[in-house]
Amino acid sequence: MTEFTATVTVRLKRGVLDPEAETTKRALERLGFELSALRSADRFELDLEAEDAASAEARADEMAERLLANPTIHDYDVAVAER
């Protein structure tokens with residue numbers, strides 16, 4: 001078994017209201033930064049053991065589907081790196 005770190009980034013789908021991002025965007029604009037859009041995201045780092053990177057990615061993907069993300073309102077990305 002090999003040790004991997006899987007990073008799952010979860011964000012709201014486009015068109016879903018993101019009040020945290022809107023508040024942050026307005027604050028940045030008040031500070032003089034110009035933005036066309038801003039979205040917030042949650043990032044989860046999972047340390048796990050698996051036979052290979054594909055197996056680690058499949059397990060992280062299942063975790064995202066079952067708990068970390070709500071597929072109705074969230075998109076997510078999974079990236080895997082060997083530790």
Side-chain angles (χ1 to χ4, degrees):
M1 292 287 227
T2 305
E3 293 186 1
F4 294 93
T5 297
T7 302
V8 180
T9 304
V10 179
R11 66 184 59 79
L12 291 169
K13 290 183 177 184
R14 293 200 183 275
V16 175
L17 186 63
D18 189 346
E20 179 182 6
E22 281 302 312
T23 301
T24 304
K25 180 179 180 288
R26 283 194 304 273
L28 287 168
E29 289 170 341
R30 282 193 301 274
L31 292 172
F33 296 100
E34 293 183 24
L35 301 170
S36 59
L38 183 129
R39 294 190 306 160
S40 62
D42 291 321
R43 182 175 128 171
F44 300 92
E45 291 184 0
L46 313 165
D47 293 335
L48 49 95
E49 291 184 356
E51 291 294 324
D52 53 32
S55 297
E57 183 174 354
R59 287 184 52 209
D61 189 68
E62 182 180 1
M63 291 178 205
E65 284 286 328
R66 293 182 64 186
L67 179 67
L68 302 176
N70 176 344
T72 304
I73 62 169
H74 293 123
D75 287 325
Y76 67 89
D77 299 310
V78 176
V80 174
E82 193 171 325
R83 288 193 297 148

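In this chain, residues are counted from 1 in sequence order. Since this is a predicted model, take the numbers as computed values, not measurements.
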Visitor: According to side-chain hydrogen bond (donor to acceptor under 3.5 Å, both in side chains), who are the partners of Thr5, at least two apart in sequence or on a separate chain?
Guide: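 Testing Thr5 for side-chain hydrogen bond (donor to acceptor under 3.5 Å, both in side chains), a comparison that skips the adjacent residues, returns Asp47.
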
Visitor: Please give me the minimum heavy-atom distance between Arg43 and Thr7, naming the atom from each residue.
Guide: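 Shortest heavy-atom separation between Arg43 and Thr7 comes out as CG-CG2, 3.6 Å.
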
Visitor: Check Leu17 against Leu12 and note the closest heavy-atom contact, atom names and distance.
Guide: O-CD1, 3.4 Å

Visitor: Rounded to the nearest 0.5 Å, what separates atom CD in Glu29 from atom CG in Leu38?
Guide: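 Between atom CD of Glu29 and atom CG of Leu38 there are 9.0 Å.
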
Visitor: Could you tell me if the side chain of Glu51 sits less than 4.5 Å from the side chain of Met1, heavy atoms only?
Guide: yes

Visitor: Is it the case that the side chain of Lys25 and the backbone of Arg39 share a donor-acceptor pair, with hydrogens and angles ignored and the cut-off at 3.5 Å?
Guide: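 It does not hold such a pair.
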
Visitor: Taking only residues two or more places apart in sequence or in another chain, which ones pass side-chain hydrogen bond (donor to acceptor under 3.5 Å, both in side chains) with Arg14?
Guide: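 So Arg14 forms no side-chain hydrogen bond (donor to acceptor under 3.5 Å, both in side chains) with any residue.
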
Visitor: With Val8 as reference, evaluate Val80, Leu46, Asp77 under the side-chain contact (heavy atoms from CB on, under 4.5 Å) test and give the passing residue.
Guide: Leu46

Visitor: Quick one: side chains of residues 54-61, donor-acceptor pairs under 3.5 Å with protein atoms, not counting sequence neighbours, listed by atom name and distance.
Guide:
from, atom 1, to, atom 2, distance (Å)
Ser55, OG, Asp52, OD1, 2.9
Arg59, NH1, Glu49, O, 2.6
Asp61, OD1, Tyr76, OH, 2.7

Visitor: Minimum heavy-atom separation for Pro71 and Glu65, please, with both atom names.
Guide: CG-OE1, 3.7 Å

Visitor: Nearest 0.5 Å please: distance from the CG atom of Asn70 over to the CG atom of Asp75.
Guide: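 Between atom CG of Asn70 and atom CG of Asp75 there are 11.0 Å.
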
